[in-house]
Amino acid sequence: MLRRLGYVAIALSIEATTNRTCRLRNATPALLRRLIALNLEGLHAVLQFNVQNGILLYRISSQIIPFASHPVNRVPWWDEFRADFERLRAFIRRHDMRVSMHPGQFTVLNSPRAAVVEASLKEIEWHIRFLDCLAPDASHKVVIHVGGAYGNKVAAADRFVQAVRRLPESWRRRLVIENDERVYATEDVLAISRATGLPVAFDWLHHTASSGGRLPTTRTLEACFDTWKEGDGLPKVHFSSQAPGGRKGQHANWIRAAEFERFLETAPERDFDCMLEAKCKDLALFRLRRELQRRGMAGPWAA
DNA sequence: AAACGTCAAGTTCCG
DNA sequence: CGGAACTTGACGTTT
């Protein structure tokens, strides 16, 4: 049964933002410090808004710490903003919220280029550190993709597995892998999960886009759910609809309620959380919730 | 004050 | 082989 519904990064309903940034050329410790303070304040406002509206699942923007893995950012934010983090941490725990992060397309652990892998490790490191500050328990996840194929998908997948095996356990406990719409389909990611022990976040749109529009089976979803172990929290799914007229794999503004209902019918009889990836963010979540309720559906997600 | 071009990073695919 | 698309706003320079 669907427990929590969530959305990504931006609350369009309110003014608050977690995405203030600057240009690299004028990034100084003082400016970065100011931006981080404002973004953490924004995060607090967004989390409060979420709780007020019964939203207990949320993906934190990677822009919250500008240039976090770049040498220009020498601010020890985990230390300097300890008080803010403590406040946020207490809030998250009190309301049983679940937060996550999703490093961008530049995080490619299986790149054949050492410098790219090194930069990716730095990216993962700061995301892990951020969640460590906010929510020590490992159900709050950092979601990554496997990466490129480089003309030899088997070798590339193996490089990913080796890279993950070299990571410290304190990182691995937070990592989750997601199927993408081009290179690593759900089956590929499940195989990599077996080799690494990382749970799989099933992405509905990526799956349908990469399988020529075929919908997943209950067995496939079940296999993804089974990768979530003790301490990982409930299995998590990403859901979005194809943008009408947009290129394959492009996120639509809204979630199509009928499509979501199909997904719910396919989902195994087990508890899970669902992250909505719609361009209209929280507004899309509200609209979906209303439409499902109008169809007579109820559950903990309804709030 | 508004408009608009630009912004750290990688990879794939399209033209 | 160069450039758009991922995703997407917000910055900062120009008008």
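In what follows, every chain begins at residue 1, and chains take the letters A, B, ... in the order their sequences are listed. Values below: all heavy atoms of this structure, side chains included; hydrogens, waters and symmetry mates excluded.
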- prompt: At under 4.0 Å between heavy atoms, what does A/Lys122 touch on the DNA or RNA strands: base, sugar-phosphate, or nothing?
  reply: nothing

Show each protein N/O and nucleotides 13-15 of chain B N/O combination with a separation under 3.5 Å, one pair to a line.
none

field: Length of the line joining A/Ile65:CD1 and B/dA9:P, which is rounded to integer Å
entry: 20 Å

message: With rounding to the closest Å, how many angstrom separate the C1' atoms on B/dG10 and C/dA10?
response: 23 Å

query: Between C/dC6 atom P and A/Asn179 atom CG, what is the distance in whole Å?
result: 18 Å

field: Whole angstrom value for the distance that separates C1' of C/dT7 from NE2 of A/His102
entry: 11 Å

message: If the threshold is 4.0 Å, N to carboxylate O, is there a salt bridge linking A/Asp132 and A/Arg174?
response: yes

task: Check the surroundings of atom CD in A/Glu291: do more than 12 heavy atoms from other residues, nucleotides or ligands lie under 6.0 Å from it?
output: yes

message: If you take the centroid of each ring, where Trp contributes its six-membered ring, are A/Phe91 and A/His44 closer together than 6.0 Å?
response: yes

- prompt: Reckon A/Gln63 touches a base, only the sugar-phosphate, or nothing at all at heavy-atom distances under 4.0 Å?
  reply: nothing

message: Do A/Leu57 and A/Ser100 make a side-chain contact, defined as non-hydrogen atoms from C-beta onward lying under 4.5 Å apart?
response: no

query: Hey, is CD on A/Glu118 packed in by over 12 heavy atoms from elsewhere, all under 6.0 Å?
result: no

- line: Atom CZ of A/Phe67 and atom C1' of C/dA10 are separated, to the nearest Å, by 12 Å

query: Rounded to whole angstrom units, what separation is found between the NE2 atom of A/His127 and the P atom of B/dA9?
result: 16 Å

- request: Could you tell me whether A/Arg74 atom CZ has more than 12 heavy atoms of other residues or ligands within 6.0 Å of it?
  value: no

query: Is any side-chain nitrogen or oxygen of A/His251 closer than 4.0 Å to OP1 or OP2 of C/dT7?
result: yes

message: When you compare the side chain of A/Arg33 with that of A/Ile36, does any pair of heavy atoms fall below 4.5 Å?
response: no

query: Which whole number of Å gives the distance between the P atom of C/dT13 and that of B/dA8?
result: 12 Å

task: Decide, applying a 5.5 Å centre-distance limit and a 30° plane-angle limit (both strict), whether A/Phe106 stacks on B/dA9.
output: yes

N/O (side chain, A/Gln250) to phosphate O (OP1/OP2, C/dC6) under 4.0 Å: yes

- request: Take atom P in C/dT7 and the same atom in B/dC13, then report the distance between them in whole Å.
  value: 15 Å

- prompt: Picking from B/dA9, C/dT8, B/dT11, which would you name as closest to the side chain of A/Glu123?
  reply: B/dA9

message: Is it true that, when you exclude A/Glu265 itself, more than 12 heavy atoms of the residues, nucleotides or ligands shown sit nearer than 6.0 Å to its CD?
response: yes

- prompt: CD of A/Glu169: more than 12 outside heavy atoms within 6.0 angstrom?
  reply: yes

message: Just so I know, are the side chains of A/Trp204 and A/Leu215 near enough to count as touching, which here means a heavy-atom distance under 4.5 Å?
response: yes

message: Within residues 16-32 of chain A, which residues have any heavy atom lying less than 4.0 Å from an atom of DNA chain C?
response: A/Thr17, A/Asn19, A/Arg20, A/Thr21, A/Cys22, A/Arg23, A/Arg25, A/Asn26

- prompt: Is the shortest side-chain N/O distance from A/Ser69 to OP1 or OP2 of B/dA8 below 4.0 Å?
  reply: no

- prompt: How is A/Ala9 classified with respect to the nucleic acid when contacts are heavy atoms under 4.0 Å: base, sugar-phosphate, or nothing?
  reply: nothing

task: Rounded to whole angstrom, note down the P distance from B/dT6 over to C/dG3.
output: 13 Å

- prompt: Nearest-Å distance, CZ (A/Arg34) to C1' (C/dA10)?
  reply: 16 Å

- prompt: Any chance CZ of A/Arg270 has more than 12 other-residue heavy atoms, nucleotides or ligands included, within less than 6.0 Å?
  reply: yes

query: For A/Arg94, does the CZ atom sit with more than 12 other heavy atoms under 6.0 Å from it, leaving out its own atoms?
result: yes

message: Could you tell me how far B/dA9 sits from C/dC1 if I compare only their P atoms? Round to whole Å.
response: 23 Å

- prompt: What distance, rounded to whole Å, do you find between the two P atoms, one in C/dA4 and one in B/dG5?
  reply: 14 Å

task: Could you say whether A/Leu12 or A/Glu181 is positioned toward the 5' end of DNA chain C, judged by the nucleotide with the nearest heavy atom to each?
output: A/Glu181

- prompt: Pairs counted as Watson-Crick or G-U wobble with both distances under 3.5 Å: what dot-bracket string results for DNA chain B, using | for bases tied to another strand?
  reply: |||||||..||||||

- request: Using whole Å, report how far CG of A/Asp180 lies from P of B/dT11.
  value: 13 Å

statement: Of A/Phe202, A/Trp228, A/Phe263, A/Phe239, the one forming a ring-ring contact (aromatic ring centres under 6.0 Å, His included) with A/Phe272 is A/Phe263

query: Whole-Å distance between B/dT11 C1' and A/Phe160 CZ?
result: 16 Å

